Amino acid sequence: MTRAALWTSAGRAQSTAQLAHDLTQWDIVIVGGGITGAGILLEAARRGLKALLVEQRDFAWGTSSRSSKLVHGGLRYIKEGKFSLTRDAVQERQHLMQEAPGLVEPQSFAFADYRGRKPGRWMFALGLAIYDRMAGQRSRHYFSADEFQMLAPHIPQDGLQGGLCYLDAKTDDARLVMRVLQEAVDAGGVAINYMAATGVVRDGEQLRGVDLADTLSGDTFSVRASVVISATGAWADGLRRQQGEKPKLRPLRGSHLLLPAWRLPVAQAVSFMHPHDGRPVFMYPWEGVTLVGTTDVDHHADMQKEASITAAEVSYLMAALDYQFPQLALQLDDIIATYAGVRPVIDTGKSDPSKEGRDHAVWLERGLLTVAGGKLTTYRLIALDALKQVRALLPHWQDRLQLQPLFQAAAALPPDARLSQAQRLRLQGHYGHRAADVLAAAQPGELEPIAGTETLWVELRWAARCEAVMHLEDLLLRRTRLGLLVRHGGQALLPRIRAMCQAELGWTDERWICEQVAYLQLWNSHYSLPLRESIPSWHTNAHVEI
């Protein structure tokens, strides 16, 4: 199978047809194209396994494009005594920042110390000291009230004693998935989106492969495999239930708001406890806007439909902003976009969703390995754990599964008068050794950033040409994030985007119009605000139930 064809829209039909008629015995078929599945594909392919990844929607369609975009150690897990989880995450955070600058970037967090508010300066400082020790560096610092006001303007001054700052990291989660998949394909793995795994094929109790359905063409076929790994996140109980296994997951929804940076100006990430329930809430600069999150509630909606923010969640997050930044008087009209994701959390029966752990778990059941839970930050460790569990089922394969560099080393882009140093670093981080090809693809004016964002126009062209874009939503919600960063989902930009990308995608005029209509309908139903009249009052004297 020609790997390069899988990353062009035009080549996908040929590649899937080849897959359908190929008698290849795959060592591993991975179901799920989020960060966990991508990580498993990379670690398997670079160790010589014949590995295939299939995703029923688009790459990173699920939780891995809807996270809080933070690459962090989980400071709150120290309070819960989960030191090993925090240590692993902090160390992986450090590796990601070192190996993918421009994609995973440091982000300082500011936590205000108010008289009488929990957790209090000394308790918080103790947690940060442990956090820093695990990272092998000191990033925390306490500021006086006057100094802290300079770092976090617009917060209330009454009772402010000072504040702590510490270091974590942030990323574009969907682009991180694409970078990992790119490396996996280069290492010999195969990844196909819009390919659903409909069931496991067995000969008695012996697993023989998996049934697949191309959701674009409708074609169905089976492939042979020694092991099937289900890495479908919050959807991981699906294949297990087909085998009669009991569900183990508790889907939890986390929703977010995005506002213009000029309307909610924060140079640091500002973190504090919500006045209604004491849950941590944060806001920080991301891709040219300010991201606000997050909620943590049970998700009871149909898992086959996209999650979206509820009216109560909007009110809850607005109440947090009103509490922390009363001088800004933020309103619903300030919100650019919203998004919601469903977290794959292991169900332990706790009454409070926020108390459920974020550890990952693996279950090997008659040749089907299910991976669930875990954090974006620790995807590599989760991948290696999954491969350790199936090693006995692949007797021809021997590997010690030791840590390797996360990504291939790539030469830095040379200085270019058309790009700032930050833009060169961005391209390098997002595209690795293909950054030079992205740069070469730019036509006049396409190395300019799109207004209000950090996205360069050429990123749209490159994605349309080389990143398996099957629908317009893939291009605007995951390959780029314009659907989250520009008002009305970027509708005003669509004429120029069409002029750039339609030919690259090979779409007819009729196809483009259909895709545009479908995208705008999706954006209005799932990425904009709910009906205004349904959103409860969020003023601090009104308690909001979510």
Side-chain angles (χ1 to χ4, degrees), residues 3-4 6-7 30 33-49 51 53 59-60 64-65 67 69-73 88-107 135 168-191 231 374-387 399-414 421-440 454 459 462-463 466-468 478-480:
R3 295 192 301 273
L6 293 176
W7 289 80
I30 302 153
I35 190 62
T36 301
I40 296 170
L41 181 67
L42 174 56
E43 297 300 332
R46 67 183 2 171
R47 288 171 167 81
L49 291 174
L53 179 148
F59 300 130
S64 293
S65 63
S67 76
K69 325 297 186 196
L70 294 173
V71 176
H72 65 109
D88 289 345
V90 166
Q91 293 175 355
E92 287 298 287
R93 179 199 70 186
Q94 295 301 107
H95 289 307
L96 281 161
M97 285 195 293
Q98 292 164 7
E99 295 190 41
L103 176 59
V104 180
E105 299 183 297
Q107 177 60 62
D168 254 321
K170 62 184 175 182
T171 190
D172 178 337
D173 49 358
R175 288 306 320 178
L176 179 60
V177 172
M178 293 303 294
R179 176 77 189 272
V180 175
L181 284 173
Q182 170 189 302
E183 300 266 340
V185 169
D186 290 342
V190 177
K375 294 162 53 62
L376 177 72
T377 313
T378 56
Y379 75 86
R380 177 173 64 160
L381 303 183
I382 297 171
L384 292 175
D385 190 24
L387 292 178
D399 194 286
R400 297 179 66 185
L401 293 173
Q402 294 180 323
L403 292 177
Q404 298 180 11
L406 284 158
F407 300 117
Q408 300 178 55
L413 284 175
Q421 183 177 355
Q423 289 168 335
R424 291 202 312 275
L425 189 62
R426 173 192 175 84
L427 290 177
Q428 192 78 55
H430 282 60
Y431 302 99
H433 67 88
R434 297 185 186 178
D437 296 329
V438 177
L439 187 59
E454 298 173 0
E459 296 182 62
W462 180 258
C466 295
E467 292 192 333
R478 288 173 289 278
R479 305 301 183 274
T480 69

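Source: prediction; values computed, not measured.
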Taking C-beta and beyond as the side chain, do [X] and [Y] meet within less than 4.5 Å on heavy atoms?
| X | Y | result |
| --- | --- | --- |
| Arg479 | Phe59 | yes |
| Asp173 | Leu376 | yes |
| Leu384 | Arg47 | yes |
| Thr171 | Leu96 | no |
| His430 | Met178 | no |
| Val177 | Arg478 | no |

Salt-bridged, Arg175 to Glu467, with N to O below 4.0 Å?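 Counted as a salt bridge, because a side-chain N and a carboxylate O are separated by less than 4.0 Å.
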Nearest heavy atoms of [X] and [Y], plus distance in Å:
| X | Y | answer |
| --- | --- | --- |
| Arg179 | Ala100 | NH1-CB, 4.4 Å |
| Ile30 | Ala231 | CG2-CB, 4.4 Å |
| Asp399 | Gln402 | OD1-N, 4.4 Å |
| Ala191 | Leu41 | CB-CD2, 4.0 Å |
| Ser65 | Ala174 | CB-CB, 4.0 Å |
| Gly189 | Ala45 | N-CB, 3.6 Å |

To the nearest 0.5 Å, what is the distance between [atom1] ([X]) and [atom2] ([Y])?
| X | Y | atom1 | atom2 | answer |
| --- | --- | --- | --- | --- |
| Leu413 | Arg424 | CG | CZ | 7.5 Å |
| Gln98 | Arg93 | CD | CZ | 10.0 Å |
| Leu427 | Trp462 | CG | CH2 | 11.0 Å |

Backbone of [Y] reached by a side-chain donor or acceptor of [X] within 3.5 Å:
| X | Y | result |
| --- | --- | --- |
| Thr377 | Val71 | no |
| Glu92 | Arg380 | no |
| Ser64 | Ile35 | yes |
| Gln408 | Glu183 | no |
| Arg426 | Glu454 | yes |

Within residues 94-103 or reaching into it, pairs that qualify as salt bridge (Lys or Arg N to Asp or Glu O under 4.0 Å) - sequence neighbours excluded: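 Every pair satisfying salt bridge (Lys or Arg N to Asp or Glu O under 4.0 Å) with a residue in residues 94-103: there are none.
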Can you name the residues that form a side chain to side chain donor-acceptor pair (under 3.5 Å) with [X], not counting sequence neighbours?
| X | result |
| --- | --- |
| Arg46 | Glu43 |
| Glu105 | none |
| Asp437 | none |
| Thr480 | none |

Pair Thr378-Asp88, side-chain donor/acceptor within less than 3.5 Å: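 Thr378 vs Asp88: no donor-acceptor pair found between side chains.
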If we ignore angles and hydrogens, is there a donor and acceptor under 3.5 Å between the side chains of Gln182 and Tyr431?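 Side chains of Gln182 and Tyr431: no pair found under 3.5 Å.
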Checking Pro101 now: which residues fulfil side chain to side chain contact (heavy atoms under 4.5 Å, CB included) with it, not counting sequence neighbours?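 Result, side chain to side chain contact (heavy atoms under 4.5 Å, CB included) vs Pro101: Leu425.
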Result of checking Leu181, Val190, Ile40, Leu42 against Leu53 for side chain to side chain contact (heavy atoms under 4.5 Å, CB included):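 Exactly one candidate clears the test, Leu181.
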